[in-house]
Structure formats: structure tokens, C-alpha cells
Trainee: 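The structure is given below, and queries will be raised subsequently.
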Amino acid sequence: MPRINFDLQQLQAFVAVADRSGFRAAAEDLHLSPAALSRRVDRLEQLLGARLFERTTRDVRLTRVGESFLSRARLALDDLEAAVLGVHEIAARHAGRISIACVPTVATARMPQLIEGFSRRLPQVRVRLMDGGMDEVAAAVRTGEADLGLGFSGVTDPALNFEPLLEERYVLAVRRDHPLARKRSPSLAMFAGERWVAVARTSGNRRLIDAGLGSDQRPPPAWLEVGHVSALLAMVEAGLGIGLVPELALHPRHTTLKGLRLTDVPLTRRMGALTLAGATPSPLAQRFLAHLRSAWREIPQAAKAADAASG
DNA sequence: GGGGCGTGTGCTCTTTATAG
DNA sequence: CTATAAAGAGCACACGCCCC
């Protein structure tokens, strides 16, 4: 086995370049000259015997090797930082760091309040939020890059535990000025002739919709396909059509859009927490989970209240 | 083709580690 | 403590790429 003899600075240099996608910006962060940084990364690459970045003068991107090394490097740095913070009385002051991966819907609709509440109790804790598709969330938890994941059920990875916390309806996003927006019991049939917008087939949301609905319950083919729910909502807002979205994605008090619960499309998804199977979550992750459980217990009531107010 | 921006490298000075 | 070697950093500049 080759003797591994690289140092922390090289690791930090590598992570900084990856984060900033370039040497110049990373060098500024590290208070180094670009030349010095270039040499550090170079030395690291020599020690590893592999190129970590493909670089031209315009473009710096991770190689495959670099990509897999990045998550390990982060872990190592985080571990070390945690150890150092530990010396500085982690337990006493609840200092530390938590990384949470979550799907974009949750990131925008719920994370601000969740983090606010969590941080009020543990102000010393630094939080890193990674939002991405369901696959990315699962991967982040699996590799340990995230202490905890928030997403929906349906991931069949034996390495992951899924704790369901909340059942969420899919609703039809329409503009408030849509002629049918005030119907008492809206159904899919009423909207059959509309222009439909959908998220791409690769999206976890889309897979859930396609798998969860029978052929007679499925909305008509979409004329417009977008990558993410946020884009779908923007399209609906612009009057380009209507589409199914998870209820969380649509704030009950949204000024221009409204979510209609279709009586004949009883589609739901289960939101919950992803953790690594067979491993005890870090103390901070456990605190966040506890916070999550109590915060999300209130959401069904809130949704009902919103229904009563708008219905 | 020239200017701007960014990475790579040769050279040199400084700092750090090691042996005596 | 001193002499020496090795490593690290910065300057200046070469080179490549993009945009006008």
C-alpha cells in the first residue's frame, strides 16, 4: 500500500476549487495566490496519482475520480472540524454542524420555518442544506454527505431507512382567475380539455404520479414539459396551462395560484426522513428529527384550515 | 486580431525540518 | 545553535480560451 502523505491544506484547496469551480475564486477564499493554489492541487493530484480536475483556462470541472474523492474529502474535513469543535465543548454549547439533504419542494416550502425553529433552540449549530432531486437526496444520505434526508417514500435502497412523517395530497395548480377555480368539488374531467404542463419523466414526482394513478385517472398528455415543480408553477402562473403539483409546493395564500384537490385524483405522497440504515444518527441529526416530528405533526391541521378558508 | 480573464510554470526568496 | 535540504509562496510571464 502506498504511503499516503498529503495534508489538510491540500484537501481544503481541493474542496475550495471544487466549490468555486475555479482556481482564481478559490484562491481568494483561501487568501492564496492562484499560482500557489494551483501548485497545491497539483501536488495532491501527484500524491493521489490521479487527475482531480479537467481544466482549461475557461472551465474547471471535476473528473469522475475527483467527484468521488470530493464527498470523501468533505467528510474527512467535516469529521476533523467536528473533532476540533468537540474539543471546544460541543456538548456544552451544542455547537456543531448538520448537513440536511432535501427535495426542492420541502426546501422552499418548509425548510425556512424548520431551520428557524431549530436554530432558535440551538443557535451555535451551523446548518448546511443541500436541495436536489429525490435520487440526489438518497445518494447524499447514503454516502454520508448529508446527516439526514427529507424526501418522499419510494426509494427502495436497503441502505436507507425511511420514516414517514406526513401524507401530502397532489393538487391541481390553476390560476385564481381560472373559471373553474371556485368549483366546490373539482374533478379531472372538468379540466380534460385544458392545456397541461408536467414535470419531466426523470423527476421523482413524475414517477410517483405515473405509478400512483390508473390510466383513467391520469391527466391528459402535457404539451409543455419542465424539469422541476417550481418551473411548472411559473408556467401556470404565466397562463401557459395547469398541472399537478404536491400540495406543499403551493402556499395556501399564494396570490395568483390555487391548488385544487381533485375529487377523482386521490393521489398522495408520503413525506418523511431518510437516514442511514443500521447507523445511529448523529446527536444533532436526532435533535433535528425530533424537531421535525413535532413541527410536521401540525401540518395536516394547517392544511385543513387553509382548505376551510379558501373553500 | 486584440483585449480580458484564468491557469500553468520558471525563478527566486522565505520558512520549516533535520542532521550534526 | 548552525548548516543544509526541502517545501511553500509569490512574481512575472507564457499560453489558451472567449468575446468583441
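Every value quoted in this text rests on a predicted model; they were computed, and no experiment measured them. Letters go in sequence order (proteins before strands), and every chain restarts at 1.
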Trainee: Answer whether the closest heavy-atom distance between the side chains of A:Met271 and A:Leu165 falls below 4.5 Å.
Mentor: no
Trainee: Quantified as the angle between the terminal helix axes (five pairs each), what is the overall bend of the helix from B:dG1-C:dC20 to B:dG20-C:dC1 to 10 degrees?
Mentor: 10°
Trainee: Would you find a donor on one side and an acceptor on the other, under 3.5 Å apart, between the side chain of A:Arg218 and the backbone of A:Leu213?
Mentor: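 Here the side-chain-to-backbone pair exists.
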Trainee: Quick one: side chain to side chain donor-acceptor pair (under 3.5 Å) partners of A:Asp264, sequence neighbours excluded?
Mentor: none
Trainee: Heavy atoms only, 4.0 Å cut-off, all strands: where does A:Ala36 land among base, sugar-phosphate and nothing?
Mentor: sugar-phosphate
Trainee: Does a donor on one side chain and an acceptor on the other come within less than 3.5 Å for A:Glu167 and A:Thr268?
Mentor: yes
Trainee: Between B:dT7 and A:Ser38, is there an OP1 or OP2 to side-chain N/O distance shorter than 4.0 Å?
Mentor: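 No, A:Ser38 has no side-chain N/O under 4.0 Å of OP1/OP2 on B:dT7.
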Trainee: For the side chain of A:Arg51, counting heavy atoms from C-beta on, which of B:dT7, C:dC11, B:dG8 is nearest?
Mentor: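 Nearest nucleotide to the side chain: B:dG8.
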Trainee: Quick one: which residue pairs count as a side-chain hydrogen bond (donor to acceptor under 3.5 Å, both in side chains) with a foot in residues 194-204 of chain A, not counting sequence neighbours?
Mentor: A:His178-A:Glu194
Trainee: For the residue pair A:Phe53 and A:Phe14, does the interplanar ring angle fall in the parallel (under 30°), tilted (30 to 60°) or perpendicular (over 60°) class?
Mentor: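 Plane angle between 30° and 60°, so tilted.
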Trainee: Rounding to an integer number of Å, can you tell me how far A:Arg24 CZ sits from B:dC5 C1'?
Mentor: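 After rounding, the gap between these two atoms is 9 Å.
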Trainee: So, is A:Arg40 near the phosphate of C:dA9, with a side-chain N or O under 4.0 Å from OP1 or OP2?
Mentor: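 Checking C:dA9 against A:Arg40, a side-chain N or O does come within under 4.0 Å of OP1 or OP2.
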Trainee: Per the atom types in the model, does the base of B:dG10 pair as donor or acceptor with the side chain of A:Arg39 at under 3.5 Å?
Mentor: yes
Trainee: Starting at atom CZ of A:Phe53, determine the distance to atom P of B:dT7, rounded to an integer number of angstrom.
Mentor: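 It is 11 Å, rounded to the nearest whole Å.
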Trainee: Within this structure, what is the CG-to-C1' distance between A:Asp42 and B:dG8, rounded to whole angstrom?
Mentor: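 The answer, rounded to whole Å, is 9 Å.
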Trainee: Please give, in whole Å, the distance from B:dG8 C1' to A:Leu52 CG?
Mentor: 16 Å
